[in-house]
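The structure appears below as C-alpha cells.
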Amino acid sequence: MKSTLLPVLALALAAALPAFAGSPVTSEKSVVVPPAPPQQDEWYFTVAVYGWLSAVDGTTGVGPTSVSADTSISDLIDEFEFSYMSYFELGKGRWSLGVDAIYGKLSDDAAFAFGEVTGSADVEQEQAWITARLQYTVCKTDRHKLDLFAGVRWTYVDVDIDINTNLGPGVNLGLTRDWFDPIVGFRSVCDLSDKCFLQLMGDIGGFGVESDLTWQALAGFGYRFTPKLNGLLGYRALGVDYEKDGFKLDTTSYGPVIGLSYTF
C-alpha cells in the first residue's frame, strides 16, 4: 500500500510545481503591455502671399457728397497705386489662429456738368482690412477638412475728395475712419488627388455693431508643388456696408486671386 501511494504523491507534486513556479507561457500571458501613446500633433506655421486683382462697385460718401467708387478690372491698372496682401496661420491639432491682411490705394477722377456749372472731382482712397480668426476643425478625413471660425475684422478707410468747379475755389472733403466688426465663417478643403484640391471659404459679420454688414467669399483650385509649398488660383469677393457720423461706405470688391503658401 505504501509503495503504491508514494509514486502517486510524487506525480501530483510534480504536476503542482509549475503552478507555483509559473511556466513561461502563463507568465507571458499575464504581462499587460500598455498601448503606445497617441502621436501628438505638432505646431505648424503657414505664411502666404497673394495678389488680388479686384474690381470695385459701390459708393463712398462724406457728408452730403457721395461719389461712385466703381472701378473695373481694366481701369485698375491705371488707377491702382500700391497694394499689400498676406496671410499667416499658426496652429496645433484642431485649433489654429489665422490673420489676413490687405492694403490698397486707389485714385480716380471724373468730370461733371449741371447746367452752366462744370467741374471735376478727384478721389483718392486708401483702404485696409485685417481679419483675425480663431479656427477649429470640426471634421477631418483623408480627403476633406472643415473648419469653423469666429473672429474680428478691422477696416480702415481714408478718403480724400477734391471738387473743382467754374464757380470759384475748389472744395476739399476728407475723412478717415476705422472700426472693428465681429465675424463668423467656415473654411473647407477637399482633395481631388494627392496634388490637387478645392478650397472654399466664407464669412459674414457686422450685425450692426459697427458695419451693417461685412462679408467675404473665396473659391479656389489649389496645387501642392511639395508637401509644404502650395499654390492657389481662384476668385474672391469682399463687401462692406457702413454708415456712421457723416461717412458712408457701401462697396463690393471682387476679382481673381492667385497666391503661394509655405508651411514650416
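Note that this is a predicted model, so its numbers are computed, not measured.
Contact between Tyr50 and Tyr87 at its shortest, heavy atoms only, is CE2-N, 4.3 Å. Nearest heavy atom pair, residue Asp181 against residue Gly206, reads OD1-CA, 3.8 Å. When every heavy atom of Leu229 is checked against every heavy atom of Thr226, the shortest pair comes out as N-OG1, 2.9 Å. Of all non-hydrogen atoms in Val152 and Ile183, the two that sit nearest each other are N-CG1, 3.9 Å. Of all heavy-atom pairs between Ser96 and Tyr44, the closest is CB-OH, 3.4 Å. The shortest heavy-atom contact between Lys244 and Arg177 is O-NE, 4.2 Å.
Thr176 and Asp158 share a side-chain donor-acceptor pair at under 3.5 Å. Checked by atom type, the side-chain pair Thr252/Asp57 shows no donor-acceptor distance below 3.5 Å. Checked by atom type, the side-chain pair Thr46/Thr263 shows a donor-acceptor distance below 3.5 Å. Tyr103 and Glu126 share a side-chain donor-acceptor pair at under 3.5 Å.
Side chain of Trp52 to main chain of Gly255: a donor-acceptor pair is present (N/O by atom type, distance under 3.5 Å, no hydrogens or angles). A donor-acceptor contact shorter than 3.5 Å is absent between the side chain of Asp212 and the backbone of Tyr242. Between the side chain of Ser193 and the main chain of Lys195, a donor-acceptor pair closer than 3.5 Å is present.
Applying the salt bridge (charged side-chain N to carboxylate O under 4.0 Å, His left out) criterion to Glu89, with sequence neighbours excluded, gives Arg187.
Using a cut-off of 4.0 Å between Lys/Arg side-chain N and Asp/Glu carboxylate O, Arg224 and Asp191 are scored as salt-bridged. With respect to the salt-bridge test (charged N to carboxylate O, under 4.0 angstrom), the residues Lys92 and Glu42 do not qualify. Here Arg236 pairs with Asp100 in a salt bridge; the nearest charged N to carboxylate O distance falls below 4.0 Å.
With rounding to the nearest 0.5 angstrom, the OG1 atom of Thr131 is 6.5 Å from the CG atom of Asp203. Leu238 CG to Trp215 CH2: the interatomic distance, rounded to the nearest 0.5 Å, is 7.5 Å.
For an aromatic pair to be called close, the ring centres must be under 6.0 Å apart, and Phe221 with Tyr223 fails this.
Sorted by first and then second residue, the pairs that involve residues 117-137 and meet ring-ring contact (aromatic ring centres under 6.0 Å, His included), not counting sequence neighbours, are Trp95-Tyr136.
Residues Asp241 and Thr214 are not in side-chain contact: their nearest non-hydrogen atoms beyond the backbone lie 4.5 Å or more apart.
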